[in-house]
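For ligands, and for the atoms within them, numbers begin at 1 and follow the listed sequence. Since we're looking at a predicted model, the values are computed, not measured. Computed over heavy atoms, backbone and side chain alike; hydrogens, waters and symmetry mates excluded.
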Amino acid sequence: MRILVINGPNLNMLGQRETEHYGTDTLESIEQALTEKGKPLGCELVFFQSNHEGSIIDFIQDKTKGADGILINPGALTHYGYSLHDALVDSGLPIIEVHLSDIQAREEWRRTSVISDIVIKQISGLKTKSYLLGLEALVEHIRSQKKK
Ligand code: DQA
């Protein structure tokens, strides 16, 4: 099973960036933890991070064929990325949205996710664990769909 793991703007700065909200793990260590988690689940993970919405859309368009699902932390694009929303819809893939911080418990503008209507689940506030639980839930969902 092939999963696209996408991180949006500023997530390349994890480890140094607002650690009270995002924790001290770097993006590299999160990706490493996901790789370990994915092995027994039979996952091939394809990682991508960009600070540019268009690059993320190009990646989704390029990699949709042959992929089974998307695990995404869109960063601030979560709150206004309508082009990203549309690219995710066009992929037709099952999607799980993850956030390190609890976006419901921060500034008012962070409470809205423009992709929440198209994802299977949003997992937020558990730092690195949001990604690990997200991967588990996505794999479970894909497997249950395949059985049908
Ligand atoms: C984030 C939350 C967003 O509001 C913020 O812009 C981020 C990270 C999170 O993982 O908690 O860049 O998606």
For the atom pair CZ (R111) and OG (S124), what is the distance rounded to the nearest 0.5 Å?
11.5 Å
E97-T78 side chain donor-acceptor pair, cut-off 3.5 Å
no
Salt bridge (Lys or Arg N to Asp or Glu O under 4.0 Å) involving D25 - partner list, sequence neighbours excluded:
none
With rounding to the nearest 0.5 angstrom, report the CG to CD1 distance, L93 to I70.
5.0 Å
The answer, listing residues by chain and number that come under 4.0 Å of ligand 1 through any heavy atom, is R17, Y22, N73, G75, A76, H79, H99, L100, S101, I103, R110
Mind checking what makes ring pair (Phe, Tyr, Trp, His ring centres under 6.0 Å) contact with H79, not counting sequence neighbours?
W109
Mind checking salt bridge (Lys or Arg N to Asp or Glu O under 4.0 Å) for K65 and listing every partner two or more places apart, or none if nothing turns up?
none
